Amino acid sequence: MKIAIVVLIVLLNAADWWTTVKILSLGGMELNPVMKWIIERNLFLPAKVFLVALIIAALLLIQSGYPMLSLVMGWLITAGYAIVVASNLRVLKKLAGWWS
């Protein structure tokens with residue numbers, strides 16, 4: 001697995017956390033029921049850190065036997081988080097009038 005994937009997963013998760021916190025502070029709501037439950041219990045940041053560590057550990061474990069699978073999964077996970085962050089930025093644009 002490439003180090004770029006690990007860095008992107010960490011950075012995109014940080015961006016997801018930050019944009020979600022901004023959305024909530026502007027009166028928006030979390031649509032994912034699992035994350036909503038976690039946020040209501042003030043566990044959002046620890047949950048994000050745990051999830052990132054779990055994803056990276058799983059990718060490294062898979063890499064030992066299936067390096068190409070680990071690489072493809074890493075890029076798919078990265079793309080998924082990029083979509084989440086892009087969606088959050090669109091919501092922030094509407095809520096805060098950013099980039100208008």
Side-chain angles (χ1 to χ4, degrees):
M1 179 177 52
K2 303 283 185 195
I3 191 73
I5 293 172
V6 173
V7 171
L8 285 171
I9 289 172
V10 170
L11 291 176
L12 287 168
N13 268 276
D16 177 30
W17 172 81
W18 183 82
T19 55
T20 301
V21 168
K22 289 300 281 181
I23 289 167
L24 295 174
S25 74
L26 293 169
M29 60 196 299
E30 176 61 54
L31 299 177
N32 178 337
V34 174
M35 289 311 292
K36 182 178 181 187
W37 185 88
I38 288 169
I39 290 167
E40 288 170 349
R41 284 148 185 80
N42 295 317
L43 297 171
F44 188 38
L45 186 56
K48 292 297 280 179
V49 171
F50 176 76
L51 183 60
V52 169
L54 188 64
I55 289 169
I56 292 169
L59 289 173
L60 290 172
L61 184 64
I62 293 166
Q63 181 183 3
S64 65
Y66 304 94
M68 185 55 76
L69 177 61
S70 177
L71 187 64
V72 170
M73 287 178 64
W75 282 117
L76 289 173
I77 291 166
T78 300
Y81 277 114
I83 291 167
V84 169
V85 171
S87 174
N88 285 355
L89 289 172
R90 281 193 297 277
V91 171
L92 277 175
K93 180 179 178 182
K94 289 179 184 176
L95 288 175
W98 289 6
W99 305 294
S100 37

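We count residues from 1, following the sequence as given. All values derive from a computational prediction rather than experimental measurement.
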For residues 75-85, tabulate all N or O donor-acceptor pairs below 3.5 Å that involve a side-chain atom, not counting sequence neighbours.
{"residue": "Thr78", "atom": "OG1", "partner": "Gly74", "partner atom": "O", "Å": "2.8"}

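Placement of Phe50 and Trp18 in two distinct hydrophobic clusters is found when ILVMFWY residues are connected by side-chain heavy-atom separations under 4.5 Å, directly or transitively. Leu51 and Ile62 fall within a single hydrophobic cluster, where Ile, Leu, Val, Met, Phe, Trp and Tyr are joined by side-chain heavy atoms under 4.5 Å apart, directly or via other members. No continuous path of ILVMFWY side-chain contacts below 4.5 Å connects Leu54 to Val10, so the two sit in separate hydrophobic clusters. Side-chain heavy atoms closer than 4.5 Å link hydrophobic residues (I, L, V, M, F, W, Y) into clusters, and following such links, even through other members, never connects Leu43 to Leu31.
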Checklist entry - Would Arg90 and Ser87 count as a side chain to side chain contact (heavy atoms under 4.5 Å, CB included) if you check the C-alpha gap in whole Å, the side-chain angles of each, and the deciding distance to 0.1 Å? => result CA-CA 5 Å; Arg90 281 193 297 277; Ser87 174; 3.8 Å; yes
Next on the checklist: As a quick check of understanding, evaluate side chain to side chain contact (heavy atoms under 4.5 Å, CB included) for Asn88 and Trp17, giving each step before the final call.
Outcome noted: CA-CA 10 Å; Asn88 285 355; Trp17 172 81; over 6 Å; no
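Rounding to the nearest 0.5 Å places CD1 of Ile23 at 11.0 Å from NZ of Lys94. Rounding to the nearest 0.5 Å gives a distance of 8.5 Å between CG of Leu92 and OG1 of Thr20. Note that the OG atom of Ser70 and the CG atom of Leu61 stand 9.0 Å from one another [nearest 0.5 Å]. Taking CD1 of Ile39 as the reference point, atom CG of Leu45 lies at 11.0 Å (rounded to 0.5 Å). Atoms CE and CE, from Met68 and Met73 in turn, are 14.0 Å apart once rounded to the nearest 0.5 Å.
Between Asp16 and Thr19, the shortest heavy-atom contact is O-OG1, 3.2 Å.
Taking Met35 as the reference, Glu30, Asn32, Ile38, Phe44, Lys48 meet the side-chain contact (heavy atoms from CB on, under 4.5 Å) condition, with sequence neighbours excluded.
A donor-acceptor pair under 3.5 Å links the side-chain atoms of Ser25 to the main chain of Lys22, judged by distance alone.
Residues Leu59 and Val6 have side chains not in contact (no heavy-atom distance under 4.5 Å, counting atoms from C-beta outward). Tyr66 places none of its side-chain heavy atoms less than 4.5 Å from the side chain of Val72.
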